[in-house]
Engineer: 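I have a structure I would like to understand better, so I am pasting it below and will then ask my questions one at a time.
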Amino acid sequence: MTTRLNLTYPTALVLRALSEGYGYGFDIMDASGLPSGTVYPALRRLERAGCVASTWEEEAAARREGRPARRYYQITRDGMALLARARERFAGLDHGLHTAAGPEPSVA
């Protein structure tokens, strides 16, 4: 990790959602129950710290579906290590995602 990161429960939930295959902001918000004002700043911090990598979807694909392009996120090896620390720190983390979040996570 290149940047020191404050490991909070919401940050851990974002990592957990990413590790489960939830790949873009609204998807992560649905899975974690966290608001956009928590998810997007956490994703930016995690990316700066090297725990998350992101790519933009092609504009044409988004246009075909009549929506803005999505930024897809993936957890990195450093992110998996941080998630392991989070699981030790937060006992209920593995039960923190919404089980009724809808369909299976999207895959980019």
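Bear in mind the structure is a predicted one, so any value in this text is a computation, not a measurement.
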Engineer: Got a salt bridge between E58 and R64, using NZ or NE/NH1/NH2 to carboxylate O under 4.0 Å?
Structural biologist: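 Answer for the salt bridge query: no.
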
Engineer: CG/L83 to CG/L18 distance, rounded to the nearest 0.5 angstrom?
Structural biologist: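 Between L83 CG and L18 CG, I get 9.5 Å after rounding to 0.5 Å.
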
Engineer: Working to the nearest 0.5 angstrom, can you tell me the gap between R87 CZ and S19 OG?
Structural biologist: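 Those atoms lie 5.0 Å apart.
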
Engineer: If I take atom CD1 from residue I28 and atom CZ from residue R16, how far apart are they, to the nearest 0.5 angstrom?
Structural biologist: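 Between atom CD1 of I28 and atom CZ of R16 there are 13.0 Å.
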
Engineer: Please give me the minimum heavy-atom distance between A49 and L5, naming the atom from each residue.
Structural biologist: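 Smallest interatomic distance, heavy atoms only, reads CB-CD2, 4.3 Å.
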
Engineer: Return the minimal non-hydrogen interatomic distance between E57 and A62, and the atom names on each side.
Structural biologist: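 Shortest heavy-atom separation between E57 and A62 comes out as OE1-CB, 3.7 Å.
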
Engineer: From the options F26, Y24, W56, select the one residue that forms a ring-ring contact (aromatic ring centres under 6.0 Å, His included) with Y72.
Structural biologist: Y24

Engineer: Got a second to check how far L93's CG is from L13's CG, nearest 0.5 Å?
Structural biologist: 6.0 Å

Engineer: Can you list everything that forms a side chain to side chain contact (heavy atoms under 4.5 Å, CB included) with A84? Sequence neighbours excluded, please.
Structural biologist: none

Engineer: Measure the CD-OG1 distance between Q74 and T55 for me, rounded to the nearest 0.5 Å.
Structural biologist: 6.5 Å

Engineer: Excluding sequence neighbours, so at least two apart, what forms ring pair (Phe, Tyr, Trp, His ring centres under 6.0 Å) with F90?
Structural biologist: Y9

Engineer: Just by distance, do the side chain of T76 and the backbone of A53 share a donor-acceptor pair under 3.5 Å?
Structural biologist: no

Engineer: Before you tell me yes or no, could you show the steps for R71 and E47 under salt bridge (charged side-chain N to carboxylate O under 4.0 Å, His left out), namely the whole-Å CA-CA distance, both residues' side-chain angles and the distance that decides it to 0.1 Å?
Structural biologist: CA-CA 12 Å; R71 189 172 190 173; E47 190 164 23; 3.2 Å; yes

Engineer: Grab the two heavy atoms, one from G23 and one from D27, that are nearest each other, plus how far apart they are.
Structural biologist: N-OD2, 3.5 Å

Engineer: Measure the CG-OH distance between L15 and Y73 for me, rounded to the nearest 0.5 Å.
Structural biologist: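 Interatomic distance, L15 CG to Y73 OH, rounded to 0.5 Å: 13.0 Å.
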
Engineer: For residues T11 and A42, report the shortest heavy-atom separation together with the two atoms involved.
Structural biologist: OG1-CB, 4.4 Å

Engineer: R89: what forms a side chain to side chain contact (heavy atoms under 4.5 Å, CB included) with it, not counting sequence neighbours?
Structural biologist: L7

Engineer: State, to 0.1 Å, how close S36 and P41 come at their nearest heavy-atom pair, and which atoms those are.
Structural biologist: O-CD, 3.5 Å

Engineer: Can you confirm whether R77 is buried at CZ, in the sense that more than 12 heavy atoms of other residues, nucleotides or ligands lie under 6.0 Å from that atom?
Structural biologist: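 For R77, atom CZ is not crowded (no more than 12 foreign heavy atoms under 6.0 Å).
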
Engineer: Taking the side chain as everything from C-beta on, heavy atoms only, tell me whether I75 gets closer than 4.5 Å to C51.
Structural biologist: no

Engineer: What is the minimum heavy-atom distance between V14 and L34, and which atoms define it?
Structural biologist: CG2-CD1, 4.1 Å

